[in-house]
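The first residue in the sequence is number 1, and the count goes up from there. We count ligands from 1, going down the list as the structure has it; atoms in each ligand are counted the same way. Model, not experiment: these values are computed from the prediction.
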Amino acid sequence: MTETCFLEGRGDLSEWRDAARRFLLSGIEPTAIDWRLSSEERELFGDRAKLPQKESPHPTVATSGAAKVAVPSAFLRLAEAVICHSDPGRFALLYRILFRLKRDLHLLDVKSDADIVAVDRMHKAVRRDCHKMTAFVRFKEMQFSVGVMDRRRFFAWFEPDHFIVDRVAPFFQRRFTDMDWIIATPRGSASWDGQTLMTSTEPAEKLDISDETDELWRTHYASIFNPARLKVRMMMAEMPKKYWKNLPEAELIPGLIAGAEAKLLDMGQRQSSEPLPFHHRLQKMAAHASAGPTALPGTMDALRQEAKHCSRCDLHCRATQTVFGEGPVDASIMIVGEQPGDQEDLAGRPFMGPAGRVLEDALSLAGFNRRELYVTNAVKHFKYEPRGKRRIHQRPNEGEVQQCRWWLTREITVVKPRLIVALGATALFSLTDRKDRLADIRGRPIVMDDTRTLFVTAHPSYVLRVQDKDRRADELAQFRRDISRIGRLAT
Ligand code: URA
């Protein structure tokens, strides 16, 4: 015989726990219980629905309030989260696991078990929903309403997938403790007045209160948007489209993505920014930054530490820091660029700006993750000319390249790459002392010695600087074709 148990099912663990405890103490098998949502029943039958009382889910079940059921605390924590999931199957699933735990206390550790797979998936979905709520709630000030002690009052509308308001409300209480606020959602609401955090599981109605804070969000979002770092797939995973309708800045996203290439090209052509007003302080910090314990001599870590204090030429005087190579020390492919640019100088890592983006895209089209390769430069300090408030990139001269070759040679000795890819003439000169016209040797593998091949292609900044749109598209395609060959050349 099947027993029916009605629950409100709005993320409240206690109503399920009380019922589950009674069922468990009476030894009722999971298959003998039909867990139902009262709200669905009401929707179907309206007032005619005759629902048993929550306190007495089934008349045949023992209701010994004092009786205790021992369960692992990990299960309680899991149940607390999973009960917030919106899948009506969660009650049965949790009860099945609870029932099985009686016989197998370690069931939760059996990650291949179908019930555990299902419950872990629900747990993950709830955690993700909580995370999204903390990231995507946008408060708007309620203009004509002032709270206790003149506190400012704010309202936010959010649409979670699950019944998580209760779980997430304390986060907002801690974060926005100085203002009064209400967060309303179709799955419950929370409010804070400086004294009391209140939550309700009743569905709320959406209020439309767009105001000038929307414009603020848009301005902020547009100003932090960096086209050189744009990764559309990752961005869409982080900020899925279903959240867009309640995010004021979301309407900018399609335009920013569409304009990203043009902005990137523009950045590439300028390749400069204002030096930070506290630049000299950064410089000092970078020079004194501790690299952890002293590295073993001859290792890459030792080289990197040593290079921090490099003063082999004058370029170190104005650059923020040494930008050393990065990547696995046993990489089979080494990419050599010219010198760090404006963004690399500030970040302390090679190829972080627009040229880096062109390189990374070409690598990923060729099936590589940049992190599999060792990426470095012929010259390790940014050379620039201050013009007004901007730092304009300058090509390093032969002497500077020769001085810095000291580092590049050592990087090659440690990494021992099978293939070295020279991006542009400066890298070629540093690696070979040759000054060939790039067009004459580009794309033709050059044997350096028994173990090493050199492959020369254009520098991605060159591609970005081509003014004519069609020619630039051709150059980009050629660059990507070149890069697509490096995997085969490295084997
Ligand atoms: N150009 C380079 O050659 N190297 C960098 O790291 C960045 C731009």
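On a distance-only criterion, Pro340 and ligand 1 share no N/O pair closer than 3.5 Å. Of the N or O atoms in Glu338, one or more lie within a sub-3.5 Å distance of an N or O in ligand 1.
Close approach of ligand 1 to Gly337 (heavy-atom distance below 4.0 Å) involves ligand atoms 3 (O). Close contacts of ligand 1 with Pro350, meaning ligand atoms under 4.0 Å from a residue heavy atom, involve 6 (O). Under a 4.0 Å criterion applied to the non-hydrogen atoms of Glu344, ligand 1 contributes the atoms 6 (O), 7 (C), 8 (C).
You'll find the ring centres of Phe155 and Phe139 outside the 6.0 Å limit.
Residues passing the side chain to side chain contact (heavy atoms under 4.5 Å, CB included) test with Trp244, sequence neighbours excluded: Met236, Met239, Lys241, Ala250, Ile253, Pro254.
Using a 4.0 Å cut-off between charged side-chain N and carboxylate O, Glu326 and Arg370 make a salt bridge.
Between the Glu372 side chain and the Asn369 main chain, a donor and an acceptor come within less than 3.5 Å of each other.
Using 4.0 Å as the threshold, Gln343 has no heavy atom nearer than that to any atom of ligand 1.
The cationic group of Arg391 lies under 6.0 Å from the six-membered ring centre of Tyr384 and within 45° of the ring axis, placing it in a cation-pi geometry.
Contacts between His459 and ligand 1 below 4.0 angstrom, taking non-hydrogen atoms only, involve the side chain exclusively.
The aromatic rings of Tyr243 and Phe136 lie tilted to each other, with the angle between the two planes from 30° to 60°.
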